[in-house]
**Student:** 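Supplied in structure tokens, the structure appears directly below.
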Amino acid sequence: MAGGNAIRGSRVGAGPMGEAERGDSAPRVVISYWCANEHETRPSFAQDSGAPVPETWDCPRCGFPAGQDRANPPQPMRNEPYKTHLAYVKERRNDADGAAILEEALESLRARRLVP
């Protein structure tokens with residue numbers, strides 16, 4: 001069937017949406033932000049919203065924080081590698097503490113006759 005219905009898949013009242021149907025958009029202000037890699041980001045904000053403009057903005061290209069001062073952009077946060085549970089334990093305890101805890105646990109098991 002070559003000659004299908006021309007309005008198939010549309011709804012009543014559908015048509016091109018223009019400014020006349022949507023109304024006027026709010027006045028906008030464009031702020032420039034620069035990251036440490038010298039990427040410029042220019043988001044726009046409503047001019048009369050009463051909300052303050054953010055001090056920093058995440059750079060969409062590299063993910064670093066970006067600031068409004070081009071000469072002094074904020075430095076990226078230091079990303080520490082993942083630590084295992086054992087690494088955290090080794091920060092809190094030394095080898096002597098570990099040996100004492102092990103001996104205490106073995107004495108407890110020997111008292112219950114689970115370990116010869």
**Student:** Is the count of non-hydrogen atoms from other residues, nucleotides or ligands lying under 6.0 Å from Glu55 atom CD greater than 12?
**Tutor:**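 No, CD of Glu55 has 12 or fewer neighbouring heavy atoms, counting only those of other groups under 6.0 Å.
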**Student:** What are the two closest non-hydrogen atoms of Asp48 and Pro27, and how far apart are they?
**Tutor:**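 Heavy atoms of Asp48 and Pro27 come nearest at OD2-CG, 4.0 Å.
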**Student:** So which heavy atom on Pro74 is nearest to which on Gly67, and how close?
**Tutor:**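 For Pro74 and Gly67, the tightest heavy-atom pair comes out as CD-N, 3.3 Å.
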**Student:** Is it the case that the ring center of Trp34 lies less than 6.0 angstrom away from the ring center of Phe64?
**Tutor:**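 No: the rings miss the under 6.0 Å criterion.
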**Student:** Over all heavy atoms of both residues, which pair between Cys35 and Ala66 is shortest? Give the atoms and the distance, please.
**Tutor:**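 Scanning both residues, the minimum pair turns out to be N-CB, 3.7 Å.
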**Student:** Taking atom CG of Asp95 as the centre, does the number of heavy atoms from other residues, nucleotides or ligands within less than 6.0 Å exceed 12?
**Tutor:**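 Open: at most 12 neighbouring heavy atoms sit under 6.0 Å from CG of Asp95.
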**Student:** Can you tell me if Asn37 uses its side chain to pair, donor with acceptor, with the backbone of His39 under 3.5 Å?
**Tutor:**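 No, Asn37 side chain to His39 backbone: no donor-acceptor pair under 3.5 Å.
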**Student:** Which is it for Arg42 and Glu40 under the side chain to side chain contact (heavy atoms under 4.5 Å, CB included) test, yes or no, and what are the steps along the way?
**Tutor:** CA-CA 7 Å; Arg42 298 179 46 126; Glu40 182 182 12; 3.5 Å; yes
**Student:** Tell me whether Arg28 at atom CZ has more than 12 heavy atoms from other residues, nucleotides or ligands lying less than 6.0 Å away.
**Tutor:**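 More than 12 heavy atoms, drawn from other residues, nucleotides or ligands, come within 6.0 Å of this atom.
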**Student:** Quick one, Arg70 with Glu38, criterion salt bridge (charged side-chain N to carboxylate O under 4.0 Å, His left out). Give me CA distance, side-chain angles, the key distance, then yes/no.
**Tutor:** CA-CA 8 Å; Arg70 185 177 192 166; Glu38 299 181 6; 5.8 Å; no
**Student:** Under the criterion side chain to side chain contact (heavy atoms under 4.5 Å, CB included), I'd like the reasoning laid out for Ile101 against Arg93: C-alpha separation, chi angles, the key distance, then a yes or no.
**Tutor:** CA-CA 10 Å; Ile101 292 171; Arg93 311 258 189 212; 3.9 Å; yes
**Student:** Where the side chain of Gln68 meets the backbone of Pro54, is there a donor-acceptor pair that is under 3.5 Å apart?
**Tutor:**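 Flag set: sc Gln68 to bb Pro54 pair under 3.5 Å.
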**Student:** Please check if the number of heavy atoms outside Glu103 that lie under 6.0 Å from its CD is greater than 12.
**Tutor:**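 Counting neighbours around CD of Glu103, more than 12 heavy atoms of other residues, nucleotides or ligands fall under 6.0 Å, so yes.
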